[in-house]
Amino acid sequence: MKLKEIKGKELAEIESILRKEFGIEKLPEYRLYLWGEDRIIAFTGDLSERDIWNISTIASIESLGVYIGKKDMNGIRLSIEGTHLLQSQINKNVFEITDEKMLEEWMSGADLQIATGKKGFLVMKHNEDFLGCGKASESKISNFIPKERRLKVSEK
Amino acid sequence: MPKIRRSSELQPKPLFLERMKTLLENEEDFESYMQILQVNPLVSIRCNTLKISPEKLKTRLKNKGWKLTQPFKNFPEIMIVEGKISKNNSDNPANQNNDNLYNKYNENATDTIKIKRGDITKSQNVIPLSPGELGRSLEHLLGYYYTQEIASMLPVLILNPEENELVLDLAAAPGSKTTQISGMMNNKGTVIANEMQLGRLKVLKTNLERCGTANVIITKREGSALCEKLNKAGFSFKRILIDAPCSGEGTLRSTPRGFLMWNINNIKQFSNIQKKLIESALKILNRGGTLIYSTCTHAPEENEEVMDDVLAKFKDIKIEKINLPKELKIRPGITKWNDKSYSEQVKHACRIYPQDNNTEGFFIAKLVKK
(Lines give C-alpha, C1' and ligand atoms only; values in the text may rest on other atoms or scores of the structure.)
Protein backbone atom coordinates (compact mmCIF):
# COMPACT_ATOMS: atom_id res chain seq x y z
CA MET A 1 0.00 0.00 0.00
CA LYS A 2 1.42 3.35 -1.08
CA LEU A 3 -0.54 5.07 1.64
CA LYS A 4 0.90 7.00 4.57
CA GLU A 5 -1.02 9.02 7.13
CA ILE A 6 0.10 12.62 7.35
CA LYS A 7 0.69 13.54 10.97
CA GLY A 8 2.73 15.81 13.23
CA LYS A 9 5.30 17.99 11.47
CA GLU A 10 4.17 16.98 7.98
CA LEU A 11 0.58 17.92 8.76
CA ALA A 12 1.67 21.23 10.27
CA GLU A 13 3.65 21.94 7.12
CA ILE A 14 0.63 21.27 4.90
CA GLU A 15 -1.57 23.44 7.10
CA SER A 16 0.95 26.22 6.93
CA ILE A 17 1.17 26.06 3.12
CA LEU A 18 -2.63 26.08 2.77
CA ARG A 19 -2.91 29.04 5.15
CA LYS A 20 -0.29 30.98 3.21
CA GLU A 21 -1.67 30.04 -0.20
CA PHE A 22 -5.42 30.24 0.25
CA GLY A 23 -6.07 31.59 3.75
CA ILE A 24 -7.28 28.23 5.08
CA GLU A 25 -7.05 28.64 8.84
CA LYS A 26 -7.91 25.18 10.08
CA LEU A 27 -8.27 21.93 8.20
CA PRO A 28 -11.47 20.05 8.99
CA GLU A 29 -10.92 17.00 11.16
CA TYR A 30 -10.34 14.62 8.30
CA ARG A 31 -7.50 12.19 8.26
CA LEU A 32 -5.03 13.15 5.58
CA TYR A 33 -2.91 10.63 3.72
CA LEU A 34 -0.12 10.81 1.25
CA TRP A 35 -0.77 8.49 -1.70
CA GLY A 36 2.53 7.82 -3.42
CA GLU A 37 4.96 10.72 -3.31
CA ASP A 38 2.74 13.74 -3.59
CA ARG A 39 -1.02 13.12 -3.76
CA ILE A 40 -2.91 14.32 -0.69
CA ILE A 41 -6.01 12.34 0.21
CA ALA A 42 -8.74 13.30 2.72
CA PHE A 43 -10.53 10.43 4.43
CA THR A 44 -13.61 11.05 6.55
CA GLY A 45 -14.17 7.38 7.40
CA ASP A 46 -13.86 6.21 10.97
CA LEU A 47 -11.96 2.94 10.55
CA SER A 48 -8.85 2.74 12.69
CA GLU A 49 -5.36 2.68 11.21
CA ARG A 50 -5.10 -0.95 12.23
CA ASP A 51 -8.38 -1.86 10.48
CA ILE A 52 -7.23 -0.15 7.29
CA TRP A 53 -3.94 -2.01 7.48
CA ASN A 54 -5.84 -5.29 8.05
CA ILE A 55 -7.99 -4.63 4.99
CA SER A 56 -4.88 -3.95 2.94
CA THR A 57 -3.61 -7.44 3.80
CA ILE A 58 -6.93 -8.97 2.65
CA ALA A 59 -7.53 -7.09 -0.58
CA SER A 60 -5.80 -4.57 -2.73
CA ILE A 61 -6.83 -1.08 -1.60
CA GLU A 62 -7.35 0.77 -4.86
CA SER A 63 -8.29 4.08 -3.34
CA LEU A 64 -9.30 5.66 -0.08
CA GLY A 65 -11.18 8.89 0.53
CA VAL A 66 -10.93 11.68 -1.94
CA TYR A 67 -7.96 13.27 -3.68
CA ILE A 68 -7.77 16.90 -2.54
CA GLY A 69 -4.48 18.14 -3.84
CA LYS A 70 -0.94 17.62 -4.96
CA LYS A 71 2.26 18.66 -3.25
CA ASP A 72 4.59 20.49 -5.53
CA MET A 73 7.77 22.52 -5.11
CA ASN A 74 5.61 25.64 -5.55
CA GLY A 75 3.04 24.73 -2.93
CA ILE A 76 -0.16 22.70 -2.94
CA ARG A 77 -2.41 22.50 -5.99
CA LEU A 78 -5.95 21.79 -4.80
CA SER A 79 -8.12 19.51 -6.92
CA ILE A 80 -11.75 20.32 -7.76
CA GLU A 81 -12.82 18.23 -4.75
CA GLY A 82 -10.18 19.89 -2.57
CA THR A 83 -11.67 23.30 -3.35
CA HIS A 84 -15.18 21.90 -2.72
CA LEU A 85 -14.26 20.47 0.69
CA LEU A 86 -12.42 23.61 1.79
CA GLN A 87 -14.53 26.24 0.02
CA SER A 88 -15.87 27.86 3.18
CA GLN A 89 -12.32 28.79 4.24
CA ILE A 90 -10.74 29.75 0.93
CA ASN A 91 -10.30 33.53 0.89
CA LYS A 92 -6.93 34.20 -0.73
CA ASN A 93 -5.56 33.86 -4.24
CA VAL A 94 -8.96 33.29 -5.79
CA PHE A 95 -9.47 34.02 -9.46
CA GLU A 96 -13.07 34.80 -10.36
CA ILE A 97 -14.15 33.72 -13.81
CA THR A 98 -16.78 36.25 -14.69
CA ASP A 99 -17.99 35.44 -18.17
CA GLU A 100 -19.48 32.29 -19.63
CA LYS A 101 -17.04 32.10 -22.54
CA MET A 102 -14.06 32.06 -20.21
CA LEU A 103 -15.79 29.46 -18.06
CA GLU A 104 -16.28 27.25 -21.10
CA GLU A 105 -12.63 27.70 -22.06
CA TRP A 106 -11.46 26.82 -18.58
CA MET A 107 -13.73 23.80 -18.19
CA SER A 108 -12.67 22.49 -21.58
CA GLY A 109 -9.09 22.31 -20.30
CA ALA A 110 -7.58 25.36 -22.00
CA ASP A 111 -5.08 27.68 -20.34
CA LEU A 112 -6.40 31.19 -19.87
CA GLN A 113 -4.24 33.76 -21.65
CA ILE A 114 -4.50 36.37 -18.98
CA ALA A 115 -2.01 38.31 -16.84
CA THR A 116 -3.14 38.29 -13.22
CA GLY A 117 -0.06 39.94 -11.77
CA LYS A 118 0.34 36.86 -9.57
CA LYS A 119 2.56 33.82 -9.61
CA GLY A 120 1.65 30.43 -8.19
CA PHE A 121 -1.55 28.53 -7.57
CA LEU A 122 -4.92 30.25 -7.76
CA VAL A 123 -8.29 28.80 -6.81
CA MET A 124 -10.59 29.16 -9.81
CA LYS A 125 -14.15 30.19 -9.09
CA HIS A 126 -17.25 31.02 -11.09
CA ASN A 127 -20.17 32.44 -9.11
CA GLU A 128 -20.68 29.84 -6.36
CA ASP A 129 -18.75 27.09 -8.13
CA PHE A 130 -15.22 26.16 -7.12
CA LEU A 131 -13.32 24.72 -10.07
CA GLY A 132 -10.00 23.53 -8.64
CA CYS A 133 -6.69 25.32 -9.10
CA GLY A 134 -4.82 26.94 -11.93
CA LYS A 135 -1.21 28.08 -11.91
CA ALA A 136 -0.58 31.71 -12.70
CA SER A 137 2.54 32.80 -14.53
CA GLU A 138 3.31 36.09 -16.22
CA SER A 139 0.82 35.91 -19.04
CA LYS A 140 -1.45 32.94 -18.43
CA ILE A 141 -3.19 30.62 -15.97
CA SER A 142 -2.30 27.00 -16.65
CA ASN A 143 -5.13 24.50 -16.54
CA PHE A 144 -5.12 21.22 -14.58
CA ILE A 145 -8.68 20.00 -15.11
CA PRO A 146 -8.35 16.24 -15.58
CA LYS A 147 -9.44 14.90 -18.97
CA GLU A 148 -12.49 13.08 -17.65
CA ARG A 149 -13.82 16.27 -16.05
CA ARG A 150 -13.42 18.48 -19.10
CA LEU A 151 -16.25 20.03 -21.00
CA LYS A 152 -16.25 18.54 -24.48
CA VAL A 153 -17.05 21.67 -26.42
CA SER A 154 -16.83 20.05 -29.87
CA GLU A 155 -19.77 17.78 -29.02
CA LYS A 156 -22.03 20.72 -28.35
CA MET B 1 -39.17 12.53 -23.37
CA PRO B 2 -38.99 8.84 -24.30
CA LYS B 3 -37.84 8.11 -27.83
CA ILE B 4 -39.22 5.29 -29.86
CA ARG B 5 -36.59 2.80 -30.84
CA ARG B 6 -36.31 2.93 -34.59
CA SER B 7 -34.63 -0.38 -35.19
CA SER B 8 -36.45 -3.63 -34.69
CA GLU B 9 -33.39 -5.71 -35.58
CA LEU B 10 -32.77 -6.71 -32.00
CA GLN B 11 -35.46 -9.27 -31.42
CA PRO B 12 -35.91 -11.23 -28.20
CA LYS B 13 -35.25 -14.97 -28.34
CA PRO B 14 -38.29 -17.29 -28.23
CA LEU B 15 -37.28 -18.86 -24.90
CA PHE B 16 -36.97 -15.42 -23.33
CA LEU B 17 -40.46 -14.51 -24.53
CA GLU B 18 -41.89 -17.78 -23.27
CA ARG B 19 -40.37 -17.22 -19.83
CA MET B 20 -41.65 -13.65 -19.63
CA LYS B 21 -45.14 -14.79 -20.64
CA THR B 22 -45.07 -17.29 -17.78
CA LEU B 23 -43.81 -14.67 -15.32
CA LEU B 24 -46.32 -11.97 -16.19
CA GLU B 25 -49.94 -11.97 -15.09
CA ASN B 26 -51.76 -12.28 -18.40
CA GLU B 27 -51.64 -11.48 -22.11
CA GLU B 28 -52.37 -7.77 -21.54
CA ASP B 29 -49.55 -7.51 -19.01
CA PHE B 30 -47.20 -9.21 -21.45
CA GLU B 31 -48.27 -6.86 -24.24
CA SER B 32 -47.59 -3.83 -22.01
CA TYR B 33 -44.18 -5.25 -21.20
CA MET B 34 -43.35 -5.79 -24.87
CA GLN B 35 -44.52 -2.28 -25.72
CA ILE B 36 -42.47 -0.54 -23.09
CA LEU B 37 -39.36 -2.41 -24.23
CA GLN B 38 -39.66 -0.44 -27.46
CA VAL B 39 -39.60 2.88 -25.68
CA ASN B 40 -36.31 4.37 -24.52
CA PRO B 41 -36.17 4.74 -20.75
CA LEU B 42 -36.72 8.01 -18.94
CA VAL B 43 -33.75 10.14 -18.08
CA SER B 44 -33.31 10.44 -14.36
CA ILE B 45 -30.70 11.96 -12.10
CA ARG B 46 -29.95 11.87 -8.40
CA CYS B 47 -28.80 15.04 -6.70
CA ASN B 48 -25.47 14.53 -4.92
CA THR B 49 -26.39 15.97 -1.53
CA LEU B 50 -22.72 15.89 -0.48
CA LYS B 51 -22.23 18.89 -2.75
CA ILE B 52 -25.54 20.66 -3.33
CA SER B 53 -29.13 20.65 -2.08
CA PRO B 54 -31.91 19.33 -4.36
CA GLU B 55 -33.56 22.77 -4.33
CA LYS B 56 -30.40 24.56 -5.49
CA LEU B 57 -29.71 21.97 -8.15
CA LYS B 58 -33.28 22.14 -9.40
CA THR B 59 -33.09 25.92 -9.69
CA ARG B 60 -29.79 25.76 -11.59
CA LEU B 61 -31.00 23.14 -14.04
CA LYS B 62 -34.31 24.96 -14.56
CA ASN B 63 -32.34 28.09 -15.37
CA LYS B 64 -30.68 26.11 -18.16
CA GLY B 65 -34.15 25.46 -19.54
CA TRP B 66 -34.38 21.85 -18.35
CA LYS B 67 -37.79 20.54 -17.37
CA LEU B 68 -37.59 18.46 -14.21
CA THR B 69 -40.03 16.53 -12.09
CA GLN B 70 -39.48 15.09 -8.63
CA PRO B 71 -41.57 11.93 -8.62
CA PHE B 72 -41.22 11.07 -4.93
CA LYS B 73 -42.36 13.48 -2.28
CA ASN B 74 -40.02 12.08 0.36
CA PHE B 75 -36.98 11.86 -1.90
CA PRO B 76 -36.52 15.27 -3.53
CA GLU B 77 -33.01 14.29 -4.62
CA ILE B 78 -34.53 12.02 -7.27
CA MET B 79 -35.39 13.93 -10.44
CA ILE B 80 -36.64 13.06 -13.89
CA VAL B 81 -35.25 15.19 -16.69
CA GLU B 82 -38.11 15.44 -19.13
CA GLY B 83 -36.06 17.49 -21.56
CA LYS B 84 -35.61 21.12 -22.43
CA ILE B 85 -38.35 23.67 -22.69
CA SER B 86 -38.86 24.58 -26.31
CA LYS B 87 -40.27 27.89 -27.42
CA ASN B 88 -41.34 26.28 -30.66
CA ASN B 89 -43.93 23.51 -30.35
CA SER B 90 -42.92 21.96 -33.67
CA ASP B 91 -39.49 21.11 -32.18
CA ASN B 92 -41.10 18.28 -30.29
CA PRO B 93 -40.84 14.99 -32.18
CA ALA B 94 -43.93 13.75 -30.39
CA ASN B 95 -45.89 16.56 -32.00
CA GLN B 96 -44.44 15.96 -35.43
CA ASN B 97 -45.36 12.33 -35.80
CA ASN B 98 -48.73 11.36 -34.45
CA ASP B 99 -48.44 7.79 -35.52
CA ASN B 100 -45.50 6.75 -33.41
CA LEU B 101 -45.53 4.30 -30.58
CA TYR B 102 -45.13 7.05 -28.02
CA ASN B 103 -48.49 8.45 -28.96
CA LYS B 104 -50.06 5.04 -29.32
CA TYR B 105 -48.90 4.39 -25.83
CA ASN B 106 -50.42 7.62 -24.68
CA GLU B 107 -53.77 7.74 -26.38
CA ASN B 108 -55.28 10.23 -24.00
CA ALA B 109 -52.58 12.83 -24.49
CA THR B 110 -53.71 16.38 -23.79
CA ASP B 111 -51.50 18.96 -22.12
CA THR B 112 -49.75 16.31 -20.15
CA ILE B 113 -49.34 12.71 -21.08
CA LYS B 114 -49.44 9.80 -18.70
CA ILE B 115 -47.63 6.64 -19.52
CA LYS B 116 -49.94 3.84 -18.42
CA ARG B 117 -50.02 3.67 -14.67
CA GLY B 118 -46.69 5.47 -14.35
CA ASP B 119 -46.60 8.88 -12.81
CA ILE B 120 -44.48 10.51 -15.42
CA THR B 121 -45.97 13.53 -17.10
CA LYS B 122 -44.75 14.80 -20.45
CA SER B 123 -45.38 18.38 -21.38
CA GLN B 124 -45.77 18.96 -25.08
CA ASN B 125 -43.45 21.95 -25.24
CA VAL B 126 -40.50 19.89 -24.09
CA ILE B 127 -37.82 18.56 -26.43
CA PRO B 128 -35.25 15.88 -25.57
CA LEU B 129 -31.79 16.86 -24.34
CA SER B 130 -29.20 16.46 -27.07
CA PRO B 131 -27.12 13.25 -26.94
CA GLY B 132 -24.56 13.43 -24.14
CA GLU B 133 -25.92 16.72 -22.80
CA LEU B 134 -26.62 15.21 -19.40
CA GLY B 135 -23.02 14.10 -19.00
CA ARG B 136 -21.35 17.31 -20.10
CA SER B 137 -23.21 19.93 -18.13
CA LEU B 138 -21.11 21.91 -15.64
CA GLU B 139 -23.28 20.51 -12.85
CA HIS B 140 -22.39 16.96 -13.87
CA LEU B 141 -18.68 17.67 -14.26
CA LEU B 142 -18.61 19.21 -10.79
CA GLY B 143 -20.37 16.19 -9.29
CA TYR B 144 -23.64 17.89 -8.38
CA TYR B 145 -25.67 15.01 -9.79
CA TYR B 146 -25.35 11.41 -10.85
CA THR B 147 -27.21 10.04 -13.85
CA GLN B 148 -28.98 6.98 -12.50
CA GLU B 149 -32.04 5.00 -13.46
CA ILE B 150 -34.82 5.29 -10.89
CA ALA B 151 -35.19 1.55 -10.23
CA SER B 152 -31.46 1.38 -9.55
CA MET B 153 -31.83 3.98 -6.77
CA LEU B 154 -34.29 1.83 -4.82
CA PRO B 155 -31.96 -0.77 -3.23
CA VAL B 156 -30.04 1.93 -1.34
CA LEU B 157 -33.27 3.62 -0.21
CA ILE B 158 -34.21 0.27 1.35
CA LEU B 159 -30.71 -0.30 2.76
CA ASN B 160 -31.13 3.08 4.47
CA PRO B 161 -27.53 3.55 5.65
CA GLU B 162 -26.93 6.01 8.47
CA GLU B 163 -24.02 8.18 9.58
CA ASN B 164 -21.15 6.47 11.40
CA GLU B 165 -22.00 2.95 10.26
CA LEU B 166 -19.73 0.45 8.55
CA VAL B 167 -21.25 -0.53 5.22
CA LEU B 168 -20.11 -3.05 2.62
CA ASP B 169 -20.98 -2.58 -1.06
CA LEU B 170 -19.84 -5.87 -2.50
CA ALA B 171 -20.16 -5.28 -6.25
CA ALA B 172 -19.74 -1.54 -6.40
CA ALA B 173 -18.92 -0.44 -9.97
CA PRO B 174 -19.82 1.85 -11.61
CA GLY B 175 -20.54 3.58 -8.30
CA SER B 176 -24.10 4.87 -8.55
CA LYS B 177 -25.15 3.05 -5.39
CA THR B 178 -21.86 3.67 -3.56
CA THR B 179 -22.19 7.42 -4.06
CA GLN B 180 -25.83 7.20 -2.98
CA ILE B 181 -24.81 5.33 0.21
CA SER B 182 -22.06 7.83 0.96
CA GLY B 183 -24.50 10.70 0.40
CA MET B 184 -27.03 9.23 2.81
CA MET B 185 -24.23 8.85 5.37
CA ASN B 186 -23.08 12.46 4.86
CA ASN B 187 -19.54 11.16 4.33
CA LYS B 188 -19.53 9.89 7.95
CA GLY B 189 -18.78 6.31 8.88
CA THR B 190 -17.07 4.04 6.38
CA VAL B 191 -18.09 2.33 3.16
CA ILE B 192 -16.02 -0.52 1.77
CA ALA B 193 -16.74 -0.62 -1.95
CA ASN B 194 -15.44 -3.73 -3.64
CA GLU B 195 -15.02 -4.43 -7.32
CA MET B 196 -13.01 -7.20 -8.91
CA GLN B 197 -12.86 -6.12 -12.55
CA LEU B 198 -10.03 -3.78 -13.41
CA GLY B 199 -11.86 -1.88 -16.16
CA ARG B 200 -14.87 -1.27 -13.95
CA LEU B 201 -12.64 -0.17 -11.07
CA LYS B 202 -11.43 2.79 -13.09
CA VAL B 203 -15.00 3.97 -13.71
CA LEU B 204 -15.80 3.45 -10.03
CA LYS B 205 -12.84 5.57 -8.94
CA THR B 206 -13.69 8.35 -11.38
CA ASN B 207 -17.33 8.50 -10.29
CA LEU B 208 -16.48 8.46 -6.59
CA GLU B 209 -13.91 11.19 -7.06
CA ARG B 210 -16.36 13.37 -9.00
CA CYS B 211 -18.98 12.98 -6.29
CA GLY B 212 -16.55 13.82 -3.48
CA THR B 213 -17.19 10.64 -1.49
CA ALA B 214 -14.55 10.90 1.21
CA ASN B 215 -15.56 7.98 3.44
CA VAL B 216 -15.08 5.16 0.93
CA ILE B 217 -12.32 2.57 0.69
CA ILE B 218 -12.23 0.87 -2.71
CA THR B 219 -10.97 -2.71 -2.62
CA LYS B 220 -10.29 -5.16 -5.43
CA ARG B 221 -10.98 -8.80 -4.76
CA GLU B 222 -13.44 -11.48 -5.82
CA GLY B 223 -16.51 -10.83 -3.64
CA SER B 224 -16.94 -14.13 -1.82
CA ALA B 225 -13.18 -14.46 -1.17
CA LEU B 226 -13.19 -10.92 0.27
CA CYS B 227 -16.06 -11.82 2.62
CA GLU B 228 -14.31 -14.99 3.79
CA LYS B 229 -11.14 -13.02 4.55
CA LEU B 230 -13.05 -10.19 6.26
CA ASN B 231 -14.77 -12.83 8.39
CA LYS B 232 -11.44 -14.37 9.43
CA ALA B 233 -10.08 -10.94 10.27
CA GLY B 234 -13.08 -10.27 12.53
CA PHE B 235 -14.91 -7.66 10.46
CA SER B 236 -18.69 -7.54 10.53
CA PHE B 237 -21.19 -5.12 9.04
CA LYS B 238 -24.51 -3.61 10.00
CA ARG B 239 -25.46 -3.08 6.38
CA ILE B 240 -24.41 -4.90 3.24
CA LEU B 241 -25.45 -4.26 -0.33
CA ILE B 242 -25.14 -6.93 -2.97
CA ASP B 243 -26.21 -5.47 -6.27
CA ALA B 244 -25.28 -8.75 -7.83
CA PRO B 245 -23.78 -9.33 -11.24
CA CYS B 246 -26.68 -10.69 -13.29
CA SER B 247 -28.05 -11.46 -16.73
CA GLY B 248 -29.51 -7.94 -16.99
CA GLU B 249 -32.96 -8.74 -18.39
CA GLY B 250 -34.29 -5.64 -16.66
CA THR B 251 -32.05 -3.30 -18.64
CA LEU B 252 -33.18 -4.27 -22.14
CA ARG B 253 -34.75 -0.85 -22.68
CA SER B 254 -31.45 0.97 -22.30
CA THR B 255 -29.25 -1.81 -23.70
CA PRO B 256 -31.26 -3.66 -26.35
CA ARG B 257 -28.08 -5.51 -27.30
CA GLY B 258 -28.98 -7.63 -24.29
CA PHE B 259 -31.52 -9.38 -26.53
CA LEU B 260 -28.60 -10.78 -28.52
CA MET B 261 -26.58 -11.77 -25.46
CA TRP B 262 -29.47 -13.44 -23.64
CA ASN B 263 -28.74 -17.06 -22.93
CA ILE B 264 -30.30 -19.51 -20.47
CA ASN B 265 -26.86 -20.88 -19.58
CA ASN B 266 -25.74 -17.43 -18.44
CA ILE B 267 -28.69 -17.32 -16.08
CA LYS B 268 -27.63 -20.62 -14.50
CA GLN B 269 -24.03 -19.45 -14.18
CA PHE B 270 -25.04 -16.15 -12.61
CA SER B 271 -27.33 -17.98 -10.20
CA ASN B 272 -24.40 -20.03 -8.91
CA ILE B 273 -22.18 -16.96 -8.53
CA GLN B 274 -24.96 -15.09 -6.71
CA LYS B 275 -25.58 -17.95 -4.27
CA LYS B 276 -21.88 -18.09 -3.41
CA LEU B 277 -21.68 -14.31 -3.03
CA ILE B 278 -24.65 -13.93 -0.71
CA GLU B 279 -23.72 -16.98 1.36
CA SER B 280 -20.29 -15.57 2.17
CA ALA B 281 -21.68 -12.07 2.78
CA LEU B 282 -24.29 -13.29 5.28
CA LYS B 283 -21.48 -14.65 7.47
CA ILE B 284 -20.20 -11.12 8.07
CA LEU B 285 -23.61 -9.53 8.65
CA ASN B 286 -24.19 -8.39 12.25
CA ARG B 287 -27.08 -9.79 14.26
CA GLY B 288 -29.94 -7.38 13.55
CA GLY B 289 -28.08 -6.20 10.45
CA THR B 290 -29.59 -5.75 6.99
CA LEU B 291 -28.43 -7.15 3.68
CA ILE B 292 -30.06 -5.89 0.50
CA TYR B 293 -29.85 -8.24 -2.43
CA SER B 294 -30.75 -6.78 -5.80
CA THR B 295 -30.45 -7.65 -9.45
CA CYS B 296 -31.57 -5.97 -12.64
CA THR B 297 -33.04 -9.16 -14.01
CA HIS B 298 -36.39 -10.94 -13.95
CA ALA B 299 -35.02 -14.50 -14.03
CA PRO B 300 -36.31 -16.35 -10.93
CA GLU B 301 -33.15 -18.50 -10.89
CA GLU B 302 -31.18 -15.33 -10.07
CA ASN B 303 -33.74 -13.95 -7.64
CA GLU B 304 -36.23 -16.08 -5.70
CA GLU B 305 -34.14 -19.23 -6.14
CA VAL B 306 -31.13 -17.47 -4.57
CA MET B 307 -33.35 -16.31 -1.69
CA ASP B 308 -34.79 -19.79 -1.22
CA ASP B 309 -31.30 -21.27 -1.15
CA VAL B 310 -30.22 -18.78 1.54
CA LEU B 311 -33.31 -19.43 3.68
CA ALA B 312 -32.61 -23.16 3.58
CA LYS B 313 -28.97 -22.69 4.63
CA PHE B 314 -29.29 -19.90 7.20
CA LYS B 315 -31.95 -20.43 9.86
CA ASP B 316 -31.20 -17.04 11.43
CA ILE B 317 -32.07 -15.12 8.26
CA LYS B 318 -35.50 -13.79 7.39
CA ILE B 319 -36.75 -11.83 4.42
CA GLU B 320 -38.53 -8.69 5.54
CA LYS B 321 -41.25 -6.73 3.81
CA ILE B 322 -39.99 -3.78 1.83
CA ASN B 323 -41.26 -0.24 2.13
CA LEU B 324 -40.85 1.73 -1.06
CA PRO B 325 -42.23 5.12 -2.05
CA LYS B 326 -45.99 4.71 -2.29
CA GLU B 327 -45.99 6.19 -5.79
CA LEU B 328 -44.38 2.99 -7.11
CA LYS B 329 -46.16 -0.16 -8.18
CA ILE B 330 -44.27 -3.22 -7.01
CA ARG B 331 -45.10 -6.93 -7.23
CA PRO B 332 -44.23 -9.66 -4.73
CA GLY B 333 -41.60 -12.33 -5.31
CA ILE B 334 -42.95 -15.53 -6.83
CA THR B 335 -43.11 -18.86 -5.00
CA LYS B 336 -43.34 -21.20 -7.98
CA TRP B 337 -41.24 -21.38 -11.11
CA ASN B 338 -41.32 -24.33 -13.52
CA ASP B 339 -41.08 -27.41 -11.33
CA LYS B 340 -39.67 -25.58 -8.31
CA SER B 341 -41.40 -24.18 -5.23
CA TYR B 342 -39.84 -21.49 -3.09
CA SER B 343 -40.34 -20.47 0.54
CA GLU B 344 -43.42 -18.30 1.16
CA GLN B 345 -41.03 -15.69 2.61
CA VAL B 346 -39.80 -14.75 -0.86
CA LYS B 347 -43.15 -13.02 -1.37
CA HIS B 348 -41.69 -10.24 0.79
CA ALA B 349 -39.14 -9.50 -1.90
CA CYS B 350 -40.22 -7.21 -4.71
CA ARG B 351 -40.26 -7.40 -8.46
CA ILE B 352 -40.26 -4.21 -10.45
CA TYR B 353 -41.34 -4.54 -14.05
CA PRO B 354 -40.64 -1.78 -16.60
CA GLN B 355 -44.29 -1.45 -17.63
CA ASP B 356 -45.44 -0.74 -14.06
CA ASN B 357 -43.57 2.50 -13.46
CA ASN B 358 -41.84 3.29 -16.74
CA THR B 359 -38.46 2.27 -15.27
CA GLU B 360 -36.01 -0.55 -15.85
CA GLY B 361 -36.74 -3.94 -14.29
CA PHE B 362 -35.38 -4.88 -10.86
CA PHE B 363 -35.60 -7.44 -8.08
CA ILE B 364 -34.94 -6.39 -4.50
CA ALA B 365 -34.95 -8.40 -1.26
CA LYS B 366 -34.26 -7.24 2.27
CA LEU B 367 -32.63 -9.88 4.45
CA VAL B 368 -32.28 -9.43 8.18
CA LYS B 369 -30.21 -11.54 10.57
CA LYS B 370 -32.24 -12.47 13.66
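Worth saying up front: this structure is predicted, and the values here are computed from it rather than measured. Just so it is clear: chains get the letters A, B, ... in the order the sequence lines come, proteins before strands, and each one is counted from 1.
Counting heavy-atom pairs closer than 4.5 Å to chain A, the top residue among B/S130, B/A214, B/A233, B/S182 is B/A214. Between chain B and the options A/R150, A/E81, A/R149, heavy-atom pairs under 4.5 Å are most frequent for A/R149. Highest contact tally toward chain A, considering only B/E209, B/K229, B/R221, is held by B/E209 [criterion: heavy-atom pairs under 4.5 Å].
Here the closest non-hydrogen pair linking B/R239 and B/E165 is NE-OE1, 2.6 Å.
Paired with A/K71 under the rule side chain to side chain contact (heavy atoms under 4.5 Å, CB included), one option of A/I17, A/I6, A/D38 passes, and it is A/D38. A side chain to side chain contact (heavy atoms under 4.5 Å, CB included) with B/I192 holds for exactly one of B/T219, B/I218, B/V167; it is B/T219.
Proximity to chain B is limited to the backbone of A/F130, based on heavy atoms less than 4.5 angstrom apart. Of the atoms belonging to B/L166, it is side-chain heavy atoms, and not backbone ones, that fall under 4.5 Å from chain A. Using a 4.5 Å cut-off between heavy atoms, B/K51 contacts chain A through its side chain alone, with no backbone atom that close. Contact of B/L142 with chain A is made through backbone and side chain together, with heavy-atom distances under 4.5 Å. If you measure heavy-atom distances from B/N194 to chain A, you find no contacts under 4.5 Å at all.
Residues of residues 41-50 of chain A lying under 4.5 angstrom from chain B, judged on non-hydrogen atoms, are A/A42, A/F43, A/T44, A/G45, A/D46, A/L47 in numerical order.
In this structure the side chain of B/K283 reaches within 4.5 angstrom of the side chain of B/E228, judged on heavy atoms.
No more than 12 heavy-atom neighbours from other residues, nucleotides or ligands sit within 6.0 angstrom of NZ on B/K202.
Ring orientation note: the planes of A/F144 and A/F121 are nearly perpendicular, at an angle over 60° on the 30°/60° scale.
Using a 4.0 Å cut-off between a side-chain N of Lys or Arg and a carboxylate O of Asp or Glu, A/D72 and A/R77 do not qualify as a salt bridge.
There is a side-chain donor-acceptor pair under 3.5 Å between B/S294 and B/D243.
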